[in-house]
Amino acid sequence: MTAATVLDYDEVIERFDPVLGLEVHVELNTHTKMFCGCPTTFGAEPNTQVCPTCLGLPGSLPVVNRVAVESAMRIGLALNCEIAPWCRFARKNYFYPDMPKNFQTSQYDEPIAFNGSLDVTLEDGTVVTVAIERAHMEEDTGKSLHVGGATGRIHGADHSLLDYNRAGVPLIEIVTKPIEGMGERAPEVARAYVSTLRDLLRALDVSDVRMDQGSLRCDANVSLMSKGATEFGTRTETKNVNSLRSVERAVRYEMTRQAAILVEGGSILQETRHFQEATGTTSAGRRKETSEDYRYFPEPDLVPIAPPAEWVEQLRATLPEMPSERRKRIQADWQLTDLELRDLVNAGAVDLVAATVDAGASPAEARAWWVSYLSQEANSRGLELAALPITPPQVARVSALVAEGKLTNKLAREVIDGVLAGEGEPDEVVEKRGLAVVSDDSALYAAIDEALAAQPDVADKIRGGKVAAAGAIVGAVMKTTKGQADAKRVRELILERCT
Amino acid sequence: MSDLTRLTAAELADKIQKKDVSAVEVAQAHLDRIAAVDKTVNAFLYVDTERALSAARAVDEDVAAGREPASPLAGVPLALKDVFVMEGAPTTCGSKILEGWSPPYDATVTRKLLEAGVVILGKTNMDEFAMGSSTENSAFGPSRNPWDLDRIPGGSGGGSSASLAAFEAPLAIGTDTGGSIRQPGSVTGTVGVKPTYGGVSRYGLVAFSSSLDQGGPCARTVLDAALLHEVIGGHDPLDSTSIDAPVPPVVAAARDGARGDLSGMRIGIVTEFQGDGYQAGVTAAFVQAVETLKGLGAEVVEVSCPHFDYALPAYYLIAPSEASSNLARFDAMRYGLRTGDDSANSAEQVMALTREAGFGAEVKRRIMIGTYALSSGYYDAYYGQAQKVRTLITQDFEKAFESVDVLISPTTPTTAFRIGERADDPMAMYLADLCTIPANLAGTPAMSVPAGLSDEDGLPVGLQVMAPALAEPRMYKVAAAFEAARDAASGGALIHRVPELEA
C-alpha cells in the first residue's frame, strides 16, 4: 500500500467532522467487592482476596454492596443525572478465562443513572457541556498475565496466569452521548473531559482515580463524518487508554488514521484498538465486525434496586463542593488572575496546591513549586503531577525551611530533588546532603576575612564607602561556602567588618 | 432390615432423646441398609460413613450430657441431593464435568442441617444439573424405583426419593425447578415439598435456573417433611432472593391437619390438569382423593387456570435461558474436568473440548435452546414472551386463590415409567412435569403427598396440593389430614407396601 497511514491533521479538519464517545470505567474505593465481602486492596498477592462468590464457584450467590450503590448514585447526581426509581442488574454473557462465571454482572437497559451533563473547561477558558448518556454499575474482571510470546497478549503466549483479586471489584461505567461539532479541538475536549471527570470523582471521594493503576480507564470511540454529512461514520473503540495525555493522543491519531483510509475511498472497520504509548499510534484489537452477542438478560440472582426518594435526597446532600465551584472560590481566596488559575488547573495542580496550603505553605509558594518547578519535572518524567514521588506536606516543609531562613531557594530546589530521588523527608535530605544555610556567623566571619584579605583593593573600596563593591566579596564567600550561606546576611556582615 | 430404618424421622428423634436408641445405632442401621441395597437402587453417589457417625456421636454426647437437642431432628439421618455443596464432600450434580471437585464451603442448607444435629449420610444421585424427570440423565447411571426396579424413581431428585422408598434414609433434601421434588415424591409414594420461592436459601445450591430453583424437604410422612422444612427454611443474607420473614409454622399445621378436620377449607381442582393424557389409574386415585377430602369436611370445587396450558412451553424457554448462563462457568479453567490441555490447544479450545466431553446430551440441548432464546433478535419473541406467560400464570393463581384456599391436581400424569421408555423422546419426558411447573413459574408453594396405588400397575400416585405464597401451613394441613385419612382407610402408610428389596 502506498497511501500514507495518516493524514495531515489540518487536512483532516478541513474535510471531516470528528464524533467522539467516551466510556470511562471507574473502580470504586469501597472496602469490599461489588457482590461479596472480599477486600479490594490494590497490589495484594495474587488470588488472596477471593471467596466462592467472586470466584464464581458452583452454588455461590451475589449480594449487592450498598456503599457501591450509594457511590453510583452520588456520581450520577454529581453528573446532573436522573436516578432511576427502579433498576436491575443484567448478565452480559461471554467466555473469557479472567471472568469466573463467564458472564459479567452489569447493568444493561436499566442503568441506575442517566441523562446528565458535565461542563468541561478547555485550556483557553472555553466551556463545553458534555452530555452524559448513563452511569451504570458493574463488576470488574480478574487479570490475565500472558507468559511467553512477544506482545504480552494472549495470542502467541505459552501459558497464562490468572489473578482473581480484581474480579468483582465495583466499577461504574460512565458513557457520554456522542460529542459532535468539536472540530480540531476534539482531542483536547476528550482529554479535558476525562480530566474534569477525574477531578469530580476525586472530590466525591468514590475512587482513587489512578489511571496508572487502572482505577480510572478510558475507552475512546472515534468516528469521522465528511463535512456536511448527517450520518455518523463507522467508529473504532480504543480501549484502556491509561493517561490523560494518551487520551488526547489516541483520539488525534485515530482521526488522522481514519481520515487517511477515507480519503483513499476505503472504509473503517468497526473494531477495538489498542493505544501504543511508545509510538503514539493505535493497533487493531478484536474485530467487531459481527458485533458480539452478549445475550443480556435480567440477573435472576439479584433483586431490583428501587432507591426511595429520601435516600436519593440524603445522598444529594452529601455532595461536596464541585471542582468548578471550588476553582472559583480558590481564585478569589488566592487572588489569582484568570491566567494563573488556568495554569494551575492545566497543570493538574489544584488539589496538590490546596493540600500544600493546608499543610502550612503560602498559596504563592505552593503554586510556584507545583506549577513551575514540579510540573517541569513531571513532564520530563512523563508522569502525572500527582504521580511524582513527593507529597504536599513535604513541599510545605521545604517552603517552611525557606521561610525560616534555613534554606535558600537554590538549596530548596536541591532538597526537593533529593525527596524526588527517594532520599527521604526534606529534613533528612538537608541532613544527608549537608544543605543547611551556614548560619554560624563565626564561620562566615572567617570566610569574609579571608576574602577581604585576598582582595585588598576591593576591601579598600568598601571601606571608602563604595558599598556596591561588596558584591565581589559576597560572591567569594558564597563560593567558599558552596552556596550554603544566606547572601543577605553575608552582605550585612561584610559591611559591619568594613566600618 | 433393621426396624430402625422403618421408623419416621419424628419417631427416631424421639427415641434418641429418650435414649431408647443411640444416634450412632440409628446412623449405623441406615449405613448398613445403604451397604445392603444401594448397589441395586443406586440412590447415593457418595456416602460419608465417617462424618455421619461422628455427627451421630456428637448428638449422643448431647443426649448423655442432658443438653437440649439442637433441633427436633437431632440425630436423624438424611440424604442430601448432590446439587448442594458440602465442604470437602465431592459434589458432581450428576455431571462428569464436576467429577473430582471438592467444594471449599457449605451451602446454607448444609450448614443448617449440620447445626441442627441432622446426620448427613451422603449425596444422592440426580439428573445432570437437575435437568430431567428420571435420573437417566445422571452421568453415573440411573437410580431405580424401589417399587419396581425396572422403573424410574422420578427426577431430577430420583436419588433422594429412591433413598426414602428404599429405607436408606428417613429424610432427604431435594430441589424443585419444575417438579424435581414433587414428581419423584409422587412416583415413589413419598412426600415432597417445594416451598415458596425464597423460603429456603439457594446459597450453595448449584444453579440450574436461578429464578425457579427451590430447595425443599423430602420425607415419608407429612410431619417429617414439616419438621425438616422448619430446619432448612428461613432468611439468609447470602441469598438476595431469600424472603426476609420467619419460616411459616408448618409443623403445627401438619399436627393440626392430622386431627382430620378440614371443615371450612375450600379446595379447588385445577380444570386443566385432568382428562386426556392422564393414566386411568392416576385419575381414579385422584377422584378417590377428592372424595376423601370431601369426607374430611372440605368443600371441593373446580377452578380454571387457563394459562396453565402455556406453563410447559414458557418453562422450556426460561429455564434453559438461565441455565445457558449459569452453566457457562464450567469451562475447565478453575475446577472440575479439563480435556485437551495439551499445550497445542488454546484456552478457548480447551473450554470447548471440556464442555463437549463433560456435559450430557440433555444439558447440551438445554444450553443450546437457552442460548438461542436469549440471542439478539430472538429475545423478545422467546424469553420476553415466556416472562409474560409467567405473569399470566401468577395471575391465574391469584385469581384462583380468591375463591379457594388451596388447589389440587395429580402431581404427574402417569405412574413411574420404565427406564429407557422416554429416554429418546424429550417431549414425553418433559410432560412428566406438566402439573408441577406452574408453581415454579409463580414462585408459590406446592407439595406431593401419596394418594394411593394405581389400579393397573400397582404403582404410587401423588396428590399435588398448591397454596399461595407463604401459605405453606394451609398446604401442610390439607396434606396431613389427607394422609391420615388415607392411611386409616387402607390400614397403614402406603410406603410399607413397597416390595422387599433383595439385599
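Values in this document were obtained by computation on a predicted structure and should not be read as measured data. Within every chain, numbering begins at 1; the chains are lettered A, B, ... in the order of the sequence lines, protein sequences first and strands thereafter.
For the atom pair CG of Asn102(A) and CG of Asp331(B), the computed distance is 4.5 Å after rounding to the nearest 0.5 Å.
For the pair Ser324(B) and Arg295(A), the minimum side-chain heavy-atom distance is below 4.5 Å. At least one side-chain heavy atom of Pro58(A) sits under 4.5 Å from a side-chain heavy atom of Leu98(B). Looking only at side-chain heavy atoms (C-beta outward), Phe95(A) and Met351(B) come within less than 4.5 Å of each other. At a threshold of 4.5 Å between non-hydrogen side-chain atoms, the residues Asp301(A) and Arg202(B) count as touching. Glu299(A) has its side chain out of reach of Ser325(B): every pair of non-hydrogen atoms, C-beta onward, lies at least 4.5 Å apart. Contact of the Pro237(B) side chain with the Val63(A) side chain is not registered, since no non-hydrogen atoms from C-beta on lie closer than 4.5 Å. Proximity of Asn326(B) to Arg91(A): side-chain heavy atoms (C-beta onward) are separated by under 4.5 Å at one or more points. Residues Cys51(A) and Tyr105(B) are not in side-chain contact: their nearest non-hydrogen atoms beyond the backbone lie 4.5 Å or more apart.
Around the OH atom of Tyr46(B), the shell of radius 6.0 Å holds more than 12 heavy atoms that belong to other residues, nucleotides or ligands. No more than 12 heavy atoms of other residues, nucleotides or ligands shown are found within 6.0 angstrom of OH on Tyr378(B). For Tyr382(B), the OH atom counts as loosely surrounded, since its 6.0 Å shell holds 12 or fewer non-hydrogen atoms of other residues, nucleotides or ligands. In this structure, Lys112(B) places its NZ atom where more than 12 heavy-atom neighbours from other residues, nucleotides or ligands lie under 6.0 Å away. Within 6.0 Å of CD in Gln349(B) there are more than 12 heavy atoms belonging to other residues, nucleotides or ligands. Within 6.0 Å of NE2 on His235(B) lie more than 12 heavy atoms contributed by other residues, nucleotides or ligands.
The parts of Thr371(B) that come within reach of chain A are both its backbone and its side chain, each placing non-hydrogen atoms under 4.5 angstrom from that chain. Proximity to chain A (any heavy atom under 4.5 Å) is shown, for Phe84(B), by neither the backbone nor the side chain.
For Phe297(A) and Tyr383(B), the ring centers sit closer than 6.0 Å to each other.
Looking at Ser376(B) and Asp293(A), their side chains never bring a donor and an acceptor atom within 3.5 Å of each other. Tyr164(A) and Arg334(B) share a donor-acceptor pair across their side chains, judged by distance under 3.5 Å alone.
Annotation: maximal heavy-atom pairing with chain A below 4.5 Å, among Ser375(B), Gly377(B), Ser211(B), Ala207(B), occurs at Ser375(B). Annotation: maximal heavy-atom pairing with chain A below 4.5 Å, among Leu238(B), Leu327(B), Val85(B), occurs at Leu238(B).
A donor-acceptor contact shorter than 3.5 Å is absent between the side chain of Ser240(B) and the backbone of Val64(A).
Across every non-hydrogen atom of Arg329(B) and Gly56(A), the tightest pair is NH1-O, 3.0 Å. Considering all non-hydrogen atoms of both residues, Ser210(B) and Pro300(A) come closest at CB-CG, 3.6 Å.
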| message | Set out, in order, the CA-CA distance, both residues' side-chain angles and the distance that settles side chain to side chain contact (heavy atoms under 4.5 Å, CB included) for Tyr203(B) and Thr53(A), then state yes or no. | response | CA-CA 10 Å; Tyr203(B) 187 75; Thr53(A) 294; 4.1 Å; yes
